[in-house]
Amino acid sequence: MLDSHRSCPDGLKSTMKNLIFDRSDDVSTADLKKLYIATFGCQMNDYDSQRMAQILRNRYVLTSRPEEADLVLVNTCAIREKAENKAYSLLGRFRKLKKLRPEMVIGITGCVAQLEGGRLLHRMPFLDLVIGPLEIYRLPEILEDGRAAEKWPSVHTELDRDFSIPLVRAPLPENNPVRTFVTIMQGCDNFCTYCVVPNVRGREISRPPGDIVAEVEHVLAQGVREVILLGQNVNSYGKKNRDYPCFSGLLRAVAGVPGLERLRFTTSHPRDLTSDIMKCFREVPQLCEHLHLPVQSGSTGILKRMNRHYTRDQYLSTVDRLKSICPEIVLTTDLIVGFPGETDSDFLDTLSLLETVEFEQIFPFKYSPRPGTRAASFEDQVPLHVQNERFEEVLRVQNEIGMRRHKVLEGRKQEVLIEGPSRGDRSEITGRTRGNHVINLPGPAELAGEVVTVEIERACCHSLRGRLPGSVSLQDEGFTSVTNELY
Ligand code: 5AD
Ligand code: SF4
């Protein structure tokens, strides 16, 4: 089991579904050791955890029980202090397990490993391995070395400029996955003043288009129907490589892979969203009409201090252009409240931008100073109580907007790709609309992987309820409240 801790405030709760290791080749599980992976953070980390499980599959079988694992890997996120602290507290719990079973190998991987490196060994002397995100593909070799020469604890945090993401052809760890990520680039060159990513994932490197297409073919052969192309800033794909297509060219190439039902991508930088990319939403049938376009702030002054390279008006005109090319587009965003120097008036600009754009959903964050970033040394840090107030206000405003946007869908029919049983209620199924709305409905689990037409019965703040046309309505059964929202 790969445990995902993205929205898990208190430790070991698993939010990933159905991640039984599929061993369809001739490796016998009886000879294998047990591997437990906990994952914090973004989709990049989910992707990396899956690759770790794949490349170790000849030696380890995944377990959902850390106490029985021979190897425990905690794949960490450094984007905000809170995420970092959650990983430390989980590792503290594993220290107790290691006391009971000293042969247990404990490794920290990902962005905190890269950021803190060898310092982690002082803080947590029980650690055996510290492995940065670009070094995870060396895990089999690192594990082998350690056994032969007792070289642990060992630290692996090279940020190699020539790094390329290997093509892993092993079966995906998840059983019958309907949607999956395919990384198209690694790192970031933007240096937004709040962001630790360029320090921990290195400079932007695009993956060769042939490898991307080969990985898409590989995942489709395993039953995947929807692919999400992944990178810190996918819109600048190929800019450093003359012989690579630009991002819109890549989108068209991937969409042409036979068997692909749906295509999405994340994350986009507003500055790099060209008309060519916008036109793909209209012209590429597989590309779903949803765009995650992080704005971060509605104030031009704050955007400048964030080094975002666009103004409020430029962001708004990009959105206008996109809506005129693809009127059905569903927009979501990230934003930061309480960035250093953010005044009440800057904050009001953010609220008014939310009202103007009417995002379907937002992912707001309180600013968190990160080591090595420029904004961490800005003098005018915003007090925590102001950050808290602004955070609550942003949620309040967006809840109304989100509800309004969702209400429009009530009574309409939508094409939904069914992903499997609903997490909240296993007797129901869950899926996504092309606009990326999560929808729960009564229906048979066998529909997983199918695109079905669903009638939207009821809008909630963060998800929808629906029914298959012709089935009994929840209202008909006296259903009055919705309790299983997914977020
Ligand atoms: N503090 C708060 N939020 C941050 N993000 C990135 N760095 C920070 C930080 N230091 C947010 C941005 C980004 C999302 C992934 O995390 O909104 O888009
Ligand atoms: Fe961080 Fe900015 Fe790069 Fe996104 S674009 S990863 S926020 S530096």
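Atoms within each ligand, like the ligands themselves, are counted from 1 in listed order.
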Practice problem: Measure the distance from atom 4 (Fe) of ligand 2 to every protein heavy atom, then report the residue, atom name and distance (to 0.1 Å) of the closest one. | Solution: Q232 O, 4.4 Å
Exercise. Would you mind running through ligand 1 and noting each atom that sits below 4.0 Å from a heavy atom of R370?
Key: 10 (N)
Quiz item: For the side chain to side chain donor-acceptor pair (under 3.5 Å) test, which of Q232, R308, R271, E204 pairs with N190?
Solution: R271
Exercise. First locate atom NZ of K366, then atom CG of L384, and finally report the distance between them rounded to the nearest 0.5 Å.
Key: 6.5 Å
Practice problem: Looking only at protein heavy atoms, identify the closest one to atom 4 (C) of ligand 1 and say how far it is in Å. | Solution: R80 NH1, 3.4 Å
Quiz prompt | K304 atom NZ, over 12 foreign heavy atoms within 6.0 Å | solution = no
Practice problem: First locate atom OG of S422, then atom CG of N440, and finally report the distance between them rounded to the nearest 0.5 Å. | Solution: 4.0 Å
Practice problem: For atom 6 (C) of ligand 1, find the nearest protein heavy atom and state the residue, atom name and distance (0.1 Å precision). | Solution: I79 CG1, 3.4 Å
Exercise. Give the contacting part of Q296 toward ligand 2: side chain, backbone, both or neither, where contact means a heavy-atom distance below 4.0 Å.
Key: neither
Quiz prompt | Whether over 12 other heavy atoms sit under 6.0 Å from E358 CD | solution = yes
Quiz item: Can you tell me if C195 has an N, O or S atom under 2.8 Å away from atom 1 (Fe) of ligand 2?
Solution: yes
Practice problem: Ignoring hydrogens and angles, state whether a donor on the side chain of Q296 or Y194 is under 3.5 Å from an acceptor on the partner side chain. | Solution: yes
Quiz item: To which protein heavy atom is atom 2 (C) of ligand 1 closest, and what is the distance rounded to 0.1 Å?
Solution: K366 O, 3.3 Å
Self-check item: For atom 7 (N) of ligand 1, the protein heavy atom that lies nearest, with its residue and separation
Solution: Y194 CD1, 3.2 Å
Quiz prompt | No-hydrogen, no-angle side-chain donor-acceptor test under 3.5 Å, S352 and R312 | solution = yes
Exercise. Specify side chain, backbone, both or neither for P198, according to which of its non-hydrogen atoms lie closer than 4.0 Å to ligand 2.
Key: side chain
Self-check item: Sub-4.0 Å atoms of ligand 2 with respect to non-hydrogen atoms of Y194
Solution: 7 (S)
Quiz item: Is ligand 2 less than 4.0 angstrom away from at least one heavy atom of R201?
Solution: no
Exercise. List the closest protein heavy-atom neighbour of atom 8 (S) of ligand 2: residue, atom name, distance to the nearest 0.1 Å.
Key: C192 N, 3.4 Å
Practice problem: Identify the protein heavy atom lying closest to atom 1 (N) of ligand 1, giving its residue, its atom name and the separation to 0.1 Å. | Solution: S368 N, 2.9 Å
Quiz item: Any idea which protein heavy atom is nearest atom 17 (O) of ligand 1, and the distance to it?
Solution: Q296 OE1, 2.7 Å
Quiz item: Are F347 and E393 side-chain neighbours, meaning at least one heavy-atom pair lies under 4.5 Å?
Solution: yes
Quiz item: Does NZ in K240 sit with more than 12 non-hydrogen atoms of other residues, nucleotides or ligands closer than 6.0 Å?
Solution: yes
Practice problem: With heavy atoms only and a cut-off of under 4.0 Å, state how N233 meets ligand 2: side chain, backbone, both or neither. | Solution: neither
Self-check item: Nearest-contact summary for atom 18 (O) of ligand 1 - protein heavy atom, Å
Solution: D334 OD2, 2.7 Å
Quiz item: What part of F191, side chain from CB on, backbone N/CA/C/O, both or neither, has a heavy atom under 4.0 Å from ligand 2?
Solution: backbone
Exercise. Enter the distance from E389:CD to D344:CG here, rounded to the nearest 0.5 Å.
Key: 9.0 Å
Practice problem: Considering the heavy atoms of N190, write down every atom of ligand 2 situated less than 4.0 Å from one of them. | Solution: 5 (S)
Self-check item: atom 3 (Fe) of ligand 2 - nearest protein heavy atom and its distance
Solution: C188 SG, 2.2 Å
Self-check item: R51 charged N/C atom sitting above Y137 aromatic ring, 6.0 Å / 45°
Solution: no
Practice problem: Return yes if a side-chain donor-acceptor contact under 3.5 Å exists between N75 and S49, otherwise no. | Solution: yes
Quiz item: Any N/O/S atom of H269 sitting less than 2.8 Å from atom 3 (Fe) of ligand 2, backbone or side chain?
Solution: no
